[in-house]
Every structure is written in C-alpha cells, then in structure tokens.
Amino acid sequence: MAFRWRYLNAAGDQVDGPDEQFEDQQQAEDWFSAEWQLLRATGVDAVTLLDDDHEVYGPMSLHEA
C-alpha cells in the first residue's frame with residue numbers, strides 16, 4: 001500500500017503536484033497539514049487521498065467554504 005495525493009484545479013481536472021508517497025494514511029495527512037497552503041498558492045484547488053489507485057476520500061477543497 002502507498003498513500004498519495006491527487007491534485008485538482010477549480011474545474012476538477014487533475015494537475016501536477018508533489019509526487020510524495022507515504023506508508024500510511026496518518027503520514028499522508030500530516031504532510032498535507034504542513035503543505036496545504038503552499039499547494040493552494042501554486043494553483044491546487046482540491047485534493048483526493050489515494051491508497052494505491054483507490055480513493056480514500058475527497059475531493060477536499062483547499063478554500064474556505
């Protein structure tokens with residue numbers, strides 16, 4: 001198992017982002033907690049957490065509701 005993030009723009013299309021992989025969900029979420037503002041500043045509008053190719057949850061907006 002490898003957890004990673006899928007990055008999306010405002011239209012919901014996949015965009016490039018850091019190619020990080022994590023051993024478990026907690027590591028992935030901890031990394032995201034530290035990096036989400038930088039991701040938003042570089043044009044990422046939402047993320048989906050993946051476990052291999054299976055969606056765990058998301059898309060989750062990086063903008064305030």
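Applying side-chain contact (heavy atoms from CB on, under 4.5 Å) to Val15 and the options Leu8, Asn9, Asp45 leaves one that passes, Asn9.
The cluster map of Ile, Leu, Val, Met, Phe, Trp and Tyr, joined by side-chain heavy atoms under 4.5 Å apart, puts Val56 and Leu39 in the same cluster. With hydrophobic clusters built from ILVMFWY side chains whose heavy atoms lie under 4.5 angstrom apart, Trp36 shares a cluster with Phe3.
Nearest heavy-atom pair across Pro59 and Ala46 is CB-CB, 4.2 Å. The minimum heavy-atom distance linking Asp16 with Tyr7 is given by the pair C-CD1, 4.3 Å.
Listed by chain and residue number, Asp30 satisfy the side-chain hydrogen bond (donor to acceptor under 3.5 Å, both in side chains) test with Gln26 (two or more places apart in sequence, or in another chain). Taking Asp53 as the reference, Arg4 meet the side-chain hydrogen bond (donor to acceptor under 3.5 Å, both in side chains) condition, with sequence neighbours excluded. Under the side-chain hydrogen bond (donor to acceptor under 3.5 Å, both in side chains) criterion, Gln27 pairs with no residue, sequence neighbours left out.
The OH atom of Tyr57 sits 10.5 Å away from the CG atom of Leu50 when rounded to the nearest 0.5 Å.
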Checking side-chain contact (heavy atoms from CB on, under 4.5 Å) for the pair Arg6/Glu55: CA distance, chi angles, key distance, verdict? CA-CA 9 Å; Arg6 177 186 298 149; Glu55 291 186 6; 2.9 Å; yes
Can you check side-chain contact (heavy atoms from CB on, under 4.5 Å) on Phe32 and Leu62, steps first, answer last? CA-CA 11 Å; Phe32 175 75; Leu62 302 188; 3.2 Å; yes
Could you please spell out the steps behind the side-chain contact (heavy atoms from CB on, under 4.5 Å) verdict for Glu29 and Leu49? CA-CA 9 Å; Glu29 291 172 343; Leu49 182 61; 4.3 Å; yes
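Under a 3.5 Å cut-off, the side chain of Trp5 and the backbone N or O of Thr48 do not form any donor-acceptor pair. Asp52 contributes no side-chain N or O that, together with a main-chain N or O of His54, makes up a donor-acceptor pair within less than 3.5 Å.
Ring orientation note: the planes of Trp31 and Phe22 are tilted relative to one another, at an angle of 30° to 60°.
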